[in-house]
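Everything on this sheet refers to the single structure shown next.
Indexing begins at 1, ligand by ligand and atom by atom, following the structure's order.
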Amino acid sequence: MHLAIIMDGNGRWAKQKGLKRIEGHKKGAEVAKEITIYCANHPEIEILTLYAFSTENWKRPKAEVEFLMKLLDNWLKKELDTFIKNEVKFEAIGDISKFSKQLQDRINYTKEKTKNFTRLTQVLALNYGSKDEITRAVKKLIEKKEEITPQNIQKNLDLPVDVDLLIRTSGEIRVSNFLLWQIAYAEMFFTKTLWPDFTTKELDKIIKEFKQRERRFGGI
Ligand code: FPP
């Protein structure tokens, strides 16, 4: 099973508590760790994809963008141990060439160190946008002079795996350019909980509800 999460609401969580927005991101990063451990130990979850930075997030104030970059770098450094202990393979999707050399090296190092693990694949979407991903996939087919078919487009995506369950926190009911192709038949859950307050207990409840849903994939 492929679980994808739009981790939203860090800023509002901080504001509610009278804290700076970056405090929300810090707490959010801790929650991302807990959710990763939960998924690695869940018998059915094979892939966990987290939306960490979108192609639109560059529009935020420079200081917040810089903080998010630093947080990501520190998180990958700190959680390498967590990945190893829980046998998590780390992968990244999106165009990371816009990141600093240091962060790109960190991403590649983490990928390399965890590439043989199979308990869970954790994918971070970084400078990711789904329209950009689909466009790049089609361009690759044209360059290779291959036929434009749904199968061939899918094969050339950064993440060529359909999503089974999509969760968005913080009460917003939209998908914000995240895995548009891959969510074609995904079940979707929108919770009002802000990401820093999201728990493995709530995830567990959503997964149980997901299993109750009848998925027909267009059939009857
Ligand atoms: C949405 O909250 C969150 C982001 C744009 C970034 C996601 C980052 C994290 C959860 C922390 C870092 C994660 C890792 C894996 C290191 P928002 O700022 O849009 O919140 P708001 O809508 O309330 O303002």
- Query: Is Asp8 in polar range of ligand 1, meaning some N or O pair under 3.5 Å apart?
  - Reply: yes
- Query: Counting only N and O atoms by type, is there a donor-acceptor contact under 3.5 Å from the side chain of Gln182 to the main-chain atoms of Leu159?
  - Reply: yes
- Are any side-chain N or O atoms of Asn74 and backbone N or O atoms of Leu71, one a donor and one an acceptor, separated by less than 3.5 Å? no
- Query: Where does the angle between the aromatic ring planes of Trp195 and Phe198 fall among parallel (under 30°), tilted (30 to 60°) and perpendicular (over 60°)?
  - Reply: parallel
Run the numbers for me: atoms of ligand 1, each under 4.0 Å from some heavy atom of [X], listed by number.
X     : result
Gly11 : 17 (P), 18 (O), 20 (O), 21 (P), 23 (O), 24 (O)
Asn57 : 5 (C)
Ala52 : 6 (C), 7 (C), 8 (C)

- Can you tell which of Met7, Arg12, Arg60 gets a heavy atom nearest to atom 19 (O) of ligand 1? Arg60
- Strictly under 4.0 Å, does any heavy atom of Leu50 approach an atom of ligand 1? no
- Ring-face cation of Arg213 near Phe189 (centre distance under 6.0 Å, axis angle within 45°): yes
Minimum-distance protein heavy atom relative to [atom]:
atom                    : result
atom 12 (C) of ligand 1 : Leu71 CD2, 3.8 Å
atom 10 (C) of ligand 1 : Asn10 ND2, 3.3 Å
atom 24 (O) of ligand 1 : Arg21 NH1, 3.0 Å
atom 11 (C) of ligand 1 : His25 O, 3.5 Å

- Message: Looking at Lys17 and Glu23, is any side-chain nitrogen of the basic one under 4.0 Å from a carboxylate oxygen of the acidic one?
- Response: no
- Query: Under 4.0 Å from ligand 1, counting heavy atoms only, is it the side chain of Trp195, its backbone, both or neither?
  - Reply: side chain
- May I ask whether Ile206 and Val31 are part of the same hydrophobic cluster, defined by side-chain heavy atoms of I, L, V, M, F, W, Y residues being less than 4.5 angstrom apart, directly or through others? yes
- Task: Show your reasoning for whether side-chain hydrogen bond (donor to acceptor under 3.5 Å, both in side chains) applies to Tyr38 and Asp204.
- Result: CA-CA 9 Å; Tyr38 169 94; Asp204 203 57; 2.6 Å; yes
- Query: With a 4.5 Å heavy-atom cut-off, do Ile134 and Leu157 have their side chains touching?
  - Reply: yes
